[in-house]
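Note sheet for the following structure.
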Amino acid sequence: MKIAVLGTGYVGLSTGVCLSEIGHHVTCIDINEQKINQLLQGISPIYEPGLEDLLTANMQAGRLHFTTSHRVALSGVEIIVVAVGTPQGEDGAADLSYLVHAAKDISAYINPDTIIVIKSTVPVGTNDFVKKMIEDQCGFPVKMVSNPEFLRQGSAIEDTMKADRIIIGSESREAAAKIKELYKPLHVPVILTSTRSAEMIKYASNAFLATKISYINEIANLCEAVGADVTDVARGMGKDKRICEAFLNAGIGYGGSCFPKDVKALLHTAGLNGVDFPLLKETIAINEYQRKLLVTKAVKRFGGLKGKKIALLGLAFKPETDDMREAPSIPISEALNKFGAEVVAYDPVATENARKIIGDKIRYAGSIDEAIFEADAVFIVTEWNEIKGIDIAKMLEKMKEPVIFDGRNCLSEEKIRRCSAVEYYPIGKPPIII
């Protein structure tokens, strides 16, 4: 099929590359000329494992193209996939301004046979809103499909090619059948719904997972109070098929481009429709507390942090991405600054993005060794493999004081216990002090 994809962010680029990989002819559009020039050279503007290899392979095969021209990209296409950003507005609602611009661009070049697929995360009713907007401008009926994405940064390719399910929401049977055919080479279960149900599925899924994370973090805090081990508790819970083990890893809260934004957007939608949703309010409140938990623990341990050197290991909100959106490292850095600590941070790939957000309030190291040298304490913020695999004994030798606050419970307790002198403070389990 001949497809156009509007937007070359995580969702748009991953979708475009994967659709070309399964045999479709895809043209990706973005108004950012610098980004398109990068892509035309086979360079991905985002860090995503495996993406650049597939990108260059499909460009060479002639199935994947990039342009800034809507006229060129939309001419004669069967399907237009809209994957523009819907960032959080000041009131918590999704900002649909990029989507409105995309609708205007589409209406200028669309033909009656083209199907419009909204892959962006949008509030319930948005597909109807976009449909009316385009029809008012182009003058004929258009077919709309809600096809939400469920990609995780750091595994976007696998999440596309080996998805759990594909949601197709439409009031047009013909359009739904066409999009189902589009994904046929993936051999993934397809769920057909109404447009509004598809829009709700995306928000309901992310809000549930965020709530699950906040729940296990509250259990972790209770475990610390009563002397239990949250890792054992989570394992025991997760073996129950009704619960499952995913998203039961206690830590310093969720971040990224989806969970924080989507939970707040769903709460906003509930409010607009007169539905109180206290569970989501509590999910957000728990997460805000959890993101600064390491600082709280450090203040309790040291009595104060003024003049203390704190090494932050990890800046991105999760491993295998350079994304700093809603990363716990941001409020942690801010809190440490307020307490007068000297902060030195290391991340394998997210340093440049961190500089844009955190700025010069902290120092940035080029290696773990540089960050931890003469540190009074280490905060483990992101569980990169490089950080999980660190030689703990050698790390402690380089530090001023052997104090570790593990926000991801990712270091080996067996190796910790072999150390001659250490204070190890994990999440949701008793500390190890030798």
Side-chain angles (χ1 to χ4, degrees), residues 9-11 13-14 44-49 51 85-88 121 149-159 205-214 216-217 220 246-265 283-295 310-336 343 345-359 361-362 364 368 371 378-388 405-410 427:
Y10 275 99
V11 176
L13 189 55
S14 299
S44 172
I46 58 176
Y47 180 86
E48 184 65 37
L51 181 62
T86 53
Q88 180 184 313
T121 301
E149 53 81 21
F150 300 95
L151 308 182
R152 296 168 298 169
Q153 287 162 265
S155 59
I157 301 301
E158 182 176 2
D159 289 345
S205 297
N206 278 358
F208 178 82
L209 295 175
T211 301
K212 193 173 181 182
I213 293 169
S214 285
I216 197 62
N217 282 334
F247 293 87
L248 284 181
N249 296 316
I252 49 176
Y254 58 78
S257 62
C258 293
F259 286 1
K261 173 176 71 75
D262 293 352
V263 172
K264 290 174 183 176
T283 294
I284 294 168
I286 292 167
N287 199 59
E288 287 302 309
Y289 172 81
Q290 205 72 15
R291 282 150 55 97
K292 297 178 184 178
L293 185 59
L294 296 189
V295 180
I310 308 296
L312 296 190
L313 299 187
L315 289 165
F317 87 92
K318 62 178 287 189
E320 300 303 330
T321 181
D322 60 354
D323 199 338
M324 285 293 298
R325 285 176 286 185
E326 298 288 342
S329 61
I330 300 171
I332 288 173
S333 298
E334 292 172 350
L336 288 173
V343 183
Y346 168 74
D347 191 283
V349 302
T351 298
E352 288 309 308
N353 284 342
R355 285 183 196 274
K356 297 172 186 175
I357 298 172
I358 302 173
K361 296 176 182 177
I362 66 174
Y364 302 91
I368 293 177
V378 163
F379 282 18
I380 296 179
V381 181
T382 314
E383 64 274 34
W384 288 94
N385 285 334
E386 180 183 354
I387 295 169
K388 290 193 294 184
F405 297 94
D406 188 350
R408 300 299 182 184
N409 289 349
C410 64
I427 304 292

Does a side-chain heavy-atom distance below 4.5 Å link [X] with [Y]?
X	Y	result
Asn249	Ile216	no
Leu293	Phe405	no
Asn287	Phe259	no
Glu149	Tyr10	no

Distance-only donor-acceptor check, side chains Ser14 and Glu48, under 3.5 Å = no
request  = Consider only side-chain N and O atoms of Thr283 and Thr211, and report whether a donor and an acceptor are under 3.5 Å apart.
outcome  =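 Per modelled atom types, Thr283 and Thr211 side chains form a pair under 3.5 Å.
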Would a distance-only check, ignoring hydrogens and angles, find a side-chain to backbone donor-acceptor pair under 3.5 Å from [X] to [Y]?
X	Y	result
Arg408	Lys388	no
Lys212	Ala246	yes
Thr86	Thr121	yes
Lys361	Ser333	no
Asn353	Met324	no
Glu383	Pro319	no

request  = Working to the nearest 0.5 Å, report the span between CG of Leu294 and CD1 of Ile252.
outcome  =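 The CD1 atom of Ile252 is 5.0 Å from CG of Leu294, to the nearest 0.5 Å.
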key: Gap separating the OG atom of Ser214 from the OH atom of Tyr254, nearest 0.5 angstrom   =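 So the gap between those two atoms works out to 5.0 Å.
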Which pair of heavy atoms, one from [X] and one from [Y], lies closest together, and at what distance?
X	Y	value
Leu312	Leu336	CD2-CD1, 4.0 Å
Glu320	Pro49	OE1-CG, 3.5 Å
Ile427	Asp406	CG1-O, 3.5 Å
Pro45	Leu13	CD-CD2, 3.9 Å
Ala354	Tyr364	O-OH, 3.6 Å

query = Is the closest basic N to carboxylate O distance between Glu334 and Lys292 below 4.0 Å?
reply = no
message = What verdict does the salt bridge (Lys or Arg N to Asp or Glu O under 4.0 Å) test give for Arg291 and Glu326, after you've listed the backbone C-alpha separation in whole Å, the side-chain angles of each residue and the deciding distance to 0.1 Å?
response = CA-CA 10 Å; Arg291 282 150 55 97; Glu326 298 288 342; 3.8 Å; yes
